[in-house]
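Every heavy atom of this structure was used, including side-chain atoms; hydrogens, water molecules and symmetry mates were not.
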Amino acid sequence: MAVVIVATLFPVPEHRDEVIAALETAEAKVHADDGTLLYALHEGRDGRLVMIEKYADSAAVAVHSESAELAELGAALKGKLSEPMDVQVLTPHPVGSAEKGTL
């Protein structure tokens, strides 16, 4: 079963461009990983950045969690966020069409 993760980040304003650059660098690398179905950066209100991720299964999440790309991203973000990254692993509750009810 696919796994969806949403990570929300609040950059320190003076580091916003650096945080976006680090996320974009990671995004390009993670797209090449087997089992990565979606890894998409979005901007929200109040300066928040949201990474929406989808993996083929929990094994793909485990590989991503231990990847060099994620370690590099963590190092690049150090001291540049106003609060810890909020990472949510989501469980779908599809109603009606399974295709429209899940990411």
Side-chain angles (χ1 to χ4, degrees):
M1 174 190 282
V3 178
V4 175
I5 299 173
V6 176
T8 304
L9 305 88
F10 290 93
V12 173
E14 60 267 22
H15 293 294
R16 180 176 177 75
D17 291 342
E18 295 167 78
V19 170
I20 290 172
L23 290 166
E24 289 174 342
T25 297
E27 185 174 10
K29 292 177 181 178
V30 172
H31 283 174
D33 292 345
D34 288 338
T36 299
L37 304 176
L38 178 71
Y39 199 79
L41 178 61
H42 292 73
E43 293 189 44
R45 62 174 193 232
D46 302 329
R48 84 184 60 212
L49 300 172
V50 180
M51 184 65 76
I52 302 171
E53 309 171 34
K54 184 176 182 181
Y55 301 92
D57 51 33
S58 58
V61 174
V63 169
H64 173 67
S65 297
E66 299 297 323
S67 70
E69 296 93 351
L70 194 58
E72 291 168 9
L73 178 59
L77 296 177
K78 189 170 178 125
K80 296 181 176 115
L81 302 178
S82 61
E83 58 188 74
M85 187 181 329
D86 178 34
V87 178
Q88 300 289 320
V89 179
L90 306 179
T91 302
H93 288 266
V95 176
S97 166
E99 184 178 297
K100 293 182 180 181
T102 59
L103 290 175

Answer with yes or no whether the hydrophobic clustering places [X] together with [Y]; edges join I, L, V, M, F, W, Y residues whose side-chain heavy atoms lie under 4.5 Å apart.
{"X": "Tyr55", "Y": "Leu70", "result": "yes"}
{"X": "Ile52", "Y": "Leu81", "result": "no"}
{"X": "Val6", "Y": "Met51", "result": "no"}
{"X": "Val19", "Y": "Leu41", "result": "yes"}
{"X": "Ile5", "Y": "Leu37", "result": "no"}

| message | Looking at Glu66, I want to see if its CD is surrounded by more than 12 non-hydrogen atoms of other residues, nucleotides or ligands under 6.0 Å. | response | no
Strictly distance-based, threshold 3.5 Å: is any side-chain N or O of [X] a donor or acceptor partner for the main-chain N or O of [Y]?
{"X": "Lys80", "Y": "Glu18", "result": "no"}
{"X": "Asp57", "Y": "Ala59", "result": "yes"}
{"X": "Arg16", "Y": "Pro13", "result": "no"}

How far apart are the closest heavy atoms of [X] and [Y], and which atoms are they?
{"X": "Glu27", "Y": "Tyr39", "answer": "OE2-O, 3.0 Å"}
{"X": "Pro11", "Y": "Gly47", "answer": "CD-O, 3.3 Å"}
{"X": "Val12", "Y": "Ser82", "answer": "CG2-N, 3.7 Å"}
{"X": "Leu73", "Y": "Ala26", "answer": "CD2-CB, 4.1 Å"}

| message | What's the separation between atom CG in Leu9 and atom CD1 in Ile20, rounded to the nearest 0.5 Å? | response | 10.5 Å
| query | What distance separates His42 NE2 from Leu23 CG, expressed to the nearest 0.5 Å? | reply | 13.0 Å
Less than 4.5 Å apart, any side-chain heavy atom of [X] and any of [Y]?
{"X": "Lys54", "Y": "Val3", "answer": "no"}
{"X": "Val61", "Y": "Ser65", "answer": "yes"}
{"X": "Val4", "Y": "Pro92", "answer": "no"}

| task | Could you walk me through whether Glu69 and Asp33 pass the side-chain contact (heavy atoms from CB on, under 4.5 Å) test, one step at a time? | result | CA-CA 10 Å; Glu69 296 93 351; Asp33 292 345; 3.6 Å; yes
